[in-house]
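Report on the structure given below.
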Amino acid sequence: MNANGEVIPFTIADPYQFETIDYYPWRSRALLEILKSHLASTSGWRYEIEGIWTYVLRPGQALPGQGWKLHLSATPHSAPEVLERVLPVLLEVGTLFKFIVSTDLLYVVNAPYWPRGISGKFITIYPTEEPELRYLAERCYELTRGLEGPRVLSDRPYKPDGIVFYRYGAFKPLFRLGADGFYMPVMVSPSGEEVEDKRNPWFSAPPWTRDPFRPPQPQAPQPVSQPSSQGGLVLKERYRVLKALHFSNKGGLYKALDIHTGMEVILKEARPHVGTDPQGYDAVFRLQQEYAMLEKLASTGTVPRPLDLFEYGGHTFAAEELVPGRTLRKHLDAASNQPWIEVKGLIRKLVRLLGVAHERGVVLQDFTPNNVMVTPEGDLRLIDLELAFDTARGIYIFGGTPGYISPQRSIQHPPTVADDLFSLGAVLHFVLTGRHPTLHMRDEAPGRSIPEQLGPILWAIAAERGLPAKAAALVLELMDDDPRRRPTLEEVARRVDALPETLVARRSGCLRIAREAELAEGLAGVIGYIADKAQFAPSGGSHHRVNCPWPTNWVGYKADPISIQFGASGVGLFLLRAIQAHGRNDLEPLLRRTAEWCAARLSAEPNRPPGLYFGLAGPLLFLHRAARQLGDGAMEEQAAGLVAGLPTDYPLPDIAHGAAGIGLTHLMLFADTGKIQFLDKAMEVGEYLAHTVRVLNGSLAWPIPAEPHIREFSGKEYYGYAHGVAGIVTFLIYLSLASGKDRWLDLAVQGAHTLLRAAQRVRGRWYWDFGPGDPRRWPHWCNGSSGVGTALIRLYRVTGEHCYLEAAMGAARAVMAEKWGSTLTQCHGLAGNGELLLDLWEASGDPRFRRWALHLAWLAYLHRIYYRGRCAFPGEGMLRLQADLGTGMAGVGYFLSRCLAAGPRMLMADELFDQRGWHRQKESEPATLLPA
């Protein structure tokens, strides 16, 4: 759950956009009142609130850049007492410190799925000398003994029975922009080298430090994920841990061997004082609650058998039967084409499963495809019952899974059977469609009901796949906003039995396509959102929202805020498109403000990498184009001068981060201006890529080197557009067009044949693995069919060779086949995939490709929400609205714009085709290759 854990802090503050936790609307001022009461009798102190922290400062007192710091943990209930006890000694000693501003926020940062490496910290103390560190650690320990707080996993405990912890790290935030275009926190070594200040969920100190509280000792070995049969930690002298399956803030999930019985079991771990809610229930209570639910339902055979509940090392563990099989989600992923009669049988079993729980007085509250196991025999088991509500006991814990939790659920009201009926409808939606209900975002009130919002998507899938209309109608009735209108479980069972035994006839004929009015509404909504949300702040070195003009992806808040992928220059390119293609001259002031803001930040970041999507090349391209639109000669000259300084031998080879993207930037500017200096630089990049290509058995590769380091990519080879061969091939095609030199086209052809050999063909659909040895297959632009097709259709335009057209058409079929599994965006979604279809239409003249593109535009429109009275499109993951080009609304808007008004694809040099008059195939020729 690494990705999920990392995203959570950005979803707390605002229901419609990703924001840092600094924007959380906290309410309780009890901790501030305690501080004020102490400061009233103490002179020379002041406090400042910044984000979630209250900084307590003395004017003129300097804070070291880094060192050993103390953390005091607390629960929301113990925090006032902890602060009350330690404030006098902190003020007496004169040490600078900070504390979380409100107990509201402690509920958040100690939550069960908060990132483990940053959870648990209530007070942070910054001693300047080691004697001060030692004194404060001991005094705070003495003052807070007996008070509760969770273990701070990134730190080492001062003493085992206390809430005082310590670690070495930065005192002042210091961030460095890495080669991947993302900021990371750093410290400075004694030699002056910047090293990452890692917030691992385990204690780790830089090699140049000495633990101030412990004598030197050998480094303890790190645990391994799969111990040998003779090794592994043994708990309670009985359970040998075999494998760690999952970690979260509340504890781990392990596969273990019961050495008494020889049976493999599941161990669930709960850390005390983590996830404490306003009712005082923590992770330990949740695990005890779950164990009680297992005991209550054990005789029904619908849950894993509870085996043991015990404490070890201060943590609570539950041992339960290891249920063989897969979760319902994974089962359906693996059996996506199972016969309808089996689907109907599975629905019957799900209804019975829920009915057994209700008969025993248990409301599940978190009934989802991830919490149902399918055994090899096809039986179903309920798992993860920590939120289950025993109506006889009356104790409940608030929670649930977005998309599956009833809109009625709130912390003030116990869950009801009607809430489970809603969840059942959501589970049946997943069974019928293979998709989670897209309810992470609802219309801003007043808005459409859930059936009104979800229904058009479900009906479209049902018609396309031949699903019975009565099944779709049942799902929507179960998910009705009004719980009184949801059918009872008995009625659901009768209606399931009455469903037909076979699928109905699938809809034939033309695909539903977006109408011009729908495209226009969507485009207007995107423009309105971007215009309304613009928030410019002074340039500076921070990467937080205050210095990012538009809401972006949660990952984007850690990225360079002027980048093409996540930042202001990408949004600026969309504004430029809206002005030039749709006559929106009213956007020119916003375009100018965007360009000026980006230009002001150029010198504020000395470590910016040079790449197109994540580095400097992209913003410079935007500034040059914006300046030409605005008639700003000085800005145009500044951008051109900085482009000339981009390296042409950058070690990374790809389009997104590296040399090919830099070369493409030069070619786009050459196409814009005709200035030969841009072409000369692109030629230098071509020479570098020709020199560094690796040839093996006739196949070309440009591996991502180990340095400069790119997380998740270094040391690997890719086929796709953003990171691999397809993007480099595209650059070489353009370089051949611009220079008139066949050698670049020859190299592009060799690269294309590498892609043809690597293709995986499934029923006329063409897929590509991420790369050699990486079998993941996506239909998308960055890694997958859409991006590879993007390169091959351009090679067809140059050569007229039908093998490239055939492959690009196969990629288009893959895009269409995977449409229901895509989000809406350019990088990983319908917008980027639809761009390929428009490319195919322009290259072949076949109108069916345009219809396919308009069909994807219609699907995007189906997933719209209404925000501030306008149409808006959720971004990556369908979790929040965001403005950026790569994973947000600007990219969707660009696709809609291109559907409405013909024009070049963004961040391409397609103008070179027309300028050089290269081959364009007649419209009628490829028709025989395209299936109806």
### Message
Cation-pi check for Trp53 against Lys98: NZ or CZ below 6.0 Å from the six-membered ring centre and within 45 degrees of the axis, yes or no?
### Response
yes
### Summary
So the side chain to side chain donor-acceptor pair (under 3.5 Å) pairs with at least one residue in residues 31-41 (sequence neighbours excluded) are His38-Glu84
### Query
Is there a side-chain contact between Leu623 and Cys598 (heavy atoms, below 4.5 Å)?
yes
## Note on the structure
When rounded to the nearest 0.5 Å, the distance separating CG of Asp654 from CZ of Phe713 is 8.5 Å
#### Entry: Check: Gly572 main-chain N/O paired with Ser569 side-chain donor or acceptor under 3.5 Å
no
### Query
Are Thr552 and Asp884 close enough that a side-chain donor and a side-chain acceptor fall under 3.5 Å?
yes
### Non-hydrogen side-chain atoms of Leu96 and Leu63 separated by less than 4.5 Å
yes
### Query
Looking at OH of Tyr135 and CD of Glu138, how far apart are the two atoms once the value is rounded to the nearest 0.5 Å?
10.0 Å
#### Entry: Between Arg271 and Asn249: side-chain donor-acceptor atoms closer than 3.5 Å
yes
### Message
Using only atom types and a distance under 3.5 Å, with no angle test, would you say the side chain of Ser102 pairs donor to acceptor with the backbone of Arg29?
### Response
no
### Query
Nearest heavy-atom pair of Val101 and Leu31: which atoms, and what distance?
O-CB, 3.9 Å
### Task
Run the salt-bridge test on Arg210 and Glu130 with the 4.0 Å N-O cut-off and return the result as yes or no.
yes
### Message
Under a 3.5 Å threshold, yes or no: a donor from one side chain and an acceptor from the other, between Gln66 and Lys172?
### Response
no
#### Entry: Heavy-atom pair of closest approach, residues His77 and Pro278
CE1-O, 3.8 Å
### Query
How far apart are the C-alpha atoms of Glu196 and Arg176, what are their side-chain angles, what is the distance that settles it, and do they pass the salt bridge (Lys or Arg N to Asp or Glu O under 4.0 Å) test?
CA-CA 9 Å; Glu196 186 174 1; Arg176 178 171 65 82; over 6 Å; no
### Query
Under 3.5 Å, is there a donor-acceptor pair between the side chain of Gln882 and the main chain of Thr887?
yes
### Message
I'd like to know if the side chain of Asp197 reaches the main chain of Met187, judged simply by a donor and an acceptor atom lying under 3.5 Å from each other, with no hydrogens or angles considered.
### Response
no
### Message
Within the structure provided, determine whether Leu287 and Val284 are in side-chain contact (heavy-atom separation under 4.5 Å).
### Response
no
#### Entry: Salt bridge present between Lys558 and Glu6 (N-O < 4.0 angstrom)
yes
### Task
Name all residues meeting the ring-ring contact (aromatic ring centres under 6.0 Å, His included) criterion together with Tyr613; count only those two or more places apart in sequence or in a different chain, and write none if there are none.
Trp781
## Note on the structure
Between Arg880 and Thr11 the two heavy atoms that sit nearest each other are NH2-O, 2.7 Å
## Note on the structure
Those residues at least two apart in sequence (or on a different chain) that pass side chain to side chain contact (heavy atoms under 4.5 Å, CB included) with Glu193 are Ser189, Ser191, Val195
### Query
With side chains defined as the heavy atoms from C-beta onward, is the minimum distance between Phe18 and Leu879 less than 4.5 Å?
yes
#### Entry: Exercise: identify the closest heavy-atom pair between Leu612 and Ile564
O-CG1, 3.4 Å
### Query
Is there a donor-acceptor contact under 3.5 Å from the side chain of Gln61 to the main chain of Gly94?
yes
#### Entry: Separation between CZ of Phe122 and OG1 of Thr144, rounded to the nearest 0.5 Å
11.5 Å
### Query
Do Thr95 side-chain atoms and Pro127 backbone N/O form a donor-acceptor pair below 3.5 Å?
no
### Task
For the residue pair Trp68 and Phe203, categorise the inter-ring angle as parallel (less than 30°), tilted (30 to 60°) or perpendicular (more than 60°).
parallel
### Task
Could you tell me whether the side chain of Asp155 reaches within less than 4.5 Å of the side chain of Lys121, counting heavy atoms only?
yes
#### Entry: Short N-O contact, Arg608 and Glu605, less than 4.0 angstrom
no
### Query
Under a 4.0 Å N-O cut-off, is there an ion pair linking Lys250 with Glu269?
no
### Query
With a 4.5 Å limit on heavy-atom distance, are the side chains of Ile34 and Pro80 in contact?
yes
### Tyr141, Tyr168, Tyr158 screened by ring-ring contact (aromatic ring centres under 6.0 Å, His included) with Phe213, the one that passes
Tyr158
### Task
Describe, in one word, how the ring planes of Tyr183 and Phe175 are oriented to each other, choosing from parallel (under 30°), tilted (30 to 60°) and perpendicular (over 60°).
perpendicular
#### Entry: Ser78 side-chain N/O to Glu148 backbone N/O, donor-acceptor pair under 3.5 Å
yes
### Query
With under 30° as parallel and over 60° as perpendicular, where do the rings of Tyr557 and Phe10 fit, or are they tilted in between?
parallel
### Query
If you round to the nearest 0.5 Å, how far is CG of Leu153 from CZ of Arg167?
12.0 Å
### Message
Is it the case that the side chain of Ser714 and the backbone of His709 share a donor-acceptor pair, with hydrogens and angles ignored and the cut-off at 3.5 Å?
### Response
no
#### Entry: Expected output: side-chain Arg134 to main-chain Pro212 donor-acceptor under 3.5 Å
yes
#### Entry: Any donor-acceptor pair under 3.5 Å from Ser73 side chain to Pro150 backbone
yes
### Task
Assess whether atom CZ of Arg145 is packed by more than 12 heavy atoms of other residues, nucleotides or ligands within 6.0 Å.
no
### Closest non-hydrogen atom pair between Thr103 and Ala79, with its separation
CG2-CB, 4.3 Å
### Task
Can you spot which of Trp597, Phe536, Phe566 makes a ring-ring contact (aromatic ring centres under 6.0 Å, His included) with Trp550?
Phe536
#### Entry: Reported CD1-to-CZ distance for the pair Ile123 and Phe99, which is rounded to 0.5 angstrom
7.5 Å
### Task
Would you please classify the geometry between the Trp45 ring and the Phe97 ring as parallel, tilted or perpendicular, with 30° and 60° separating the classes?
tilted
### Message
Does Arg156 qualify as a cation-pi partner of Phe165, given the criterion of NZ or CZ under 6.0 Å from the six-membered ring centre and within 45 degrees of its axis?
### Response
no
### Task
Determine, stepwise, if the pair Leu602 / Gln638 fulfils side-chain contact (heavy atoms from CB on, under 4.5 Å).
CA-CA 11 Å; Leu602 289 176; Gln638 178 198 21; 4.0 Å; yes
#### Entry: Full working for side-chain contact (heavy atoms from CB on, under 4.5 Å) between Thr75 and Leu106
CA-CA 7 Å; Thr75 69; Leu106 274 176; over 6 Å; no
### Query
Under 4.5 Å between any side-chain heavy atoms of Pro609 and Leu177, yes or no?
yes
### Summary
In short, Gln565 meets Cys827 closest at the heavy-atom pair NE2-SG, 3.7 Å
### Query
Parallel under 30°, tilted from 30 to 60°, perpendicular over 60°: which one fits the rings of His657 and Phe614?
parallel
### Task
Please report the C-alpha distance between Leu575 and Thr594 in whole Å, then the side-chain angles of each, then the deciding distance to 0.1 Å, and finally whether the side-chain contact (heavy atoms from CB on, under 4.5 Å) criterion is met.
CA-CA 9 Å; Leu575 293 172; Thr594 304; 3.9 Å; yes
#### Entry: Any donor-acceptor N or O pair under 3.5 Å, side chains Asp211, Tyr166
yes
### Task
Would you mind reporting whether Arg151 and Pro157 have side-chain heavy atoms less than 4.5 Å apart?
yes
### Query
What distance do Ser119 atom OG and Trp114 atom CH2 have between them, rounded to the nearest 0.5 Å?
8.5 Å
### Message
Is a donor from one side chain sitting under 3.5 angstrom from an acceptor on the other, for Lys198 and Ser154?
### Response
no
